[in-house]
Amino acid sequence: MSAPSDKPLLIVFGAGGHGRVAADAALCSGAFRGVVASDRNPAAWGTALLPGVPVLAPEALAGLPTPLALHVAIGNNPVRRQETDQLRAGLPQATLSTIVHPHASVAVTARIAPGCLITAQCVIGPLAELGAGVIVNHGAVVDHDCRIAAWAHIAPGVKLGGAVRVGEAALVGAGSTVLRNLHVGRNATLGAGAVLLQDLPEGQAWAGVPARPLQGASA
Ligand SMILES: CC(C)(COP(=O)(O)OP(=O)(O)OC[C@H]1O[C@@H](n2cnc3c(N)ncnc32)[C@H](O)[C@@H]1OP(=O)(O)O)[C@@H](O)C(=O)NCCC(=O)NCCS
């Protein structure tokens with residue numbers, strides 16, 4: 001077991017509601033010696049994301065004492081990917097970190113890449129795979145053998161049946177259900193509350209029960 005001083009200080013980048021969820025999960029996990037936040041919005045600097053979690057300007061991050069961990073907590077999938085690339089280039093001393101809330105259930109055989117957020121009450125089943133920067137939000141179920149590509153967001157209360165594949169940067173909306181073996185395409189959006197009964201093609205937005213293409217909706 002490592003001494004508390006060996007644990008990294010975590011930077012949560014993104015000082016909004018999603019950042020609060022990430023910072024809270026990090027604090028609950030006990031995996032970090034402390035948590036600070038940062039954001040590009042100057043209005044957030046000097047405020048607290050949560051009690052004891054100060055929001056620093058990005059320029060202040062390079063001076064923080066190592067070891068350092070970085071988690072990008074931005075709900076928008078393309079922005080999360082872009083910020084992760086930019087911050088990793090500017091802060092090579094920080095390790096991109098996955099945060100796992102202690103009240104998530106993660107199978108011992110699940111494979112989880114860096115930069116993911118696994119929140120309270122969610123379930124990651126056996127042999128499931130999460131790519132970099134994936135969000136599995138409160139109460140979501142990612143069942144056995146699912147493969148979730150990098151930068152996807154599995155929103156609160158989603159149910160993914162076994163062996164579902166979710167493409168890169170896709171959004172599976174809150175409370176939706178995807179039947180087993182189906183594929184949600186890259187950059188696709190499944191609307192909140194939908195039930196998906198067939199594959200959702202890349203870049204499209206579908207919603208409803210059963211899910212159908214949304215005319216004119218923005219994916
Ligand atoms: C599907 C979604 C992306 C569409 O957003 P949008 O492009 O802004 O679409 P609009 O709100 O303009 O709605 C377009 C039409 O789709 C309908 N619609 C929107 N979302 C819907 C949903 N989830 N289920 C059924 N119909 C929906 C609207 O009623 C509207 O119908 P109309 O043209 O007959 O009036 C969005 O509503 C959604 O469900 N996003 C998921 C959000 C989420 O879960 N985020 C995670 C938070 S942690």
Side-chain angles (χ1 to χ4, degrees), residues 12-28 37 39 41 44 49-50 71-84 98-101 103-106 112 115-124 128 130-143 146 148-161 164-179 182-219:
V12 170
F13 197 88
H18 184 63
R20 270 190 282 284
V21 171
D24 176 74
L27 291 167
C28 290
D39 200 284
N41 179 5
L49 183 60
L50 291 174
H71 181 89
V72 180
I74 296 174
N76 180 291
N77 295 337
V79 176
R80 185 167 67 263
R81 170 172 44 196
Q82 187 191 330
E83 282 289 10
T84 302
T98 282
I99 299 170
V100 181
H101 192 286
H103 292 163
S105 173
V106 181
I112 297 168
C116 294
L117 177 61
I118 299 176
T119 58
Q121 305 300 338
C122 71
V123 177
I124 312 289
L130 307 187
V134 164
I135 300 168
V136 182
N137 229 318
H138 291 126
V141 174
V142 174
D143 213 335
C146 282
I148 316 300
W151 317 113
H153 180 175
I154 311 302
V158 166
K159 305 280 185 264
L160 300 182
V164 164
R165 286 170 298 137
V166 175
E168 189 170 309
L171 168 62
V172 183
S176 63
T177 299
V178 180
L179 298 199
L182 292 181
H183 183 204
V184 174
R186 190 170 189 261
N187 296 318
T189 299
L190 182 64
V195 176
L196 189 67
L197 303 180
Q198 61 189 98
D199 289 349
L200 197 173
E202 175 175 340
Q204 293 192 14
W206 287 24
V209 181
R212 302 260 187 252
L214 275 182
Q215 300 306 324
S218 47

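Counting convention: from 1, in listed order, for ligands and their atoms alike.
Here the shortest heavy-atom distance to atom 46 (C) of ligand 1, taken over G208, A205, A155, G191, belongs to A155. Remark: among candidates A207, G193, A211, the nearest residue to atom 22 (C) of ligand 1 is A207, based on non-hydrogen atoms. Remark: among candidates A194, A192, G75, G173, the nearest residue to atom 23 (N) of ligand 1 is A192, based on non-hydrogen atoms.
Contact annotation: the side chain of H138 never approaches that of Q121 to less than 4.5 Å [non-hydrogen atoms, C-beta and beyond].
Interatomic distance, I112 CD1 to L130 CG, rounded to the nearest 0.5 Å: 5.0 Å.
With sequence neighbours excluded, the residues that form a side chain to side chain contact (heavy atoms under 4.5 Å, CB included) with A25 are I99, H101, L117.
Within ligand 1, the atoms closer than 4.0 Å to a non-hydrogen atom of A174 are 43 (C), 44 (O), numbered from 1 in the order shown. Less than 4.0 angstrom separates some heavy atom of T189 from each of these atoms of ligand 1: 3 (C). Of all atoms in ligand 1, numbered sequentially from 1 with element shown, those under 4.0 Å from a heavy atom of L214 are 1 (C), 4 (C), 16 (O).
Residue contacts with ligand 1 include P156, since one of its heavy atoms falls under 4.0 Å from the ligand.
Between A149 and E168, the closest heavy-atom pair is CB-N, 3.3 Å. Considering every non-hydrogen atom in both G16 and L49, the closest pair reads O-CD1, 3.7 Å.
One N or O on the side chain of T98 and one on the backbone of C116 form a donor-acceptor pair closer than 3.5 Å.
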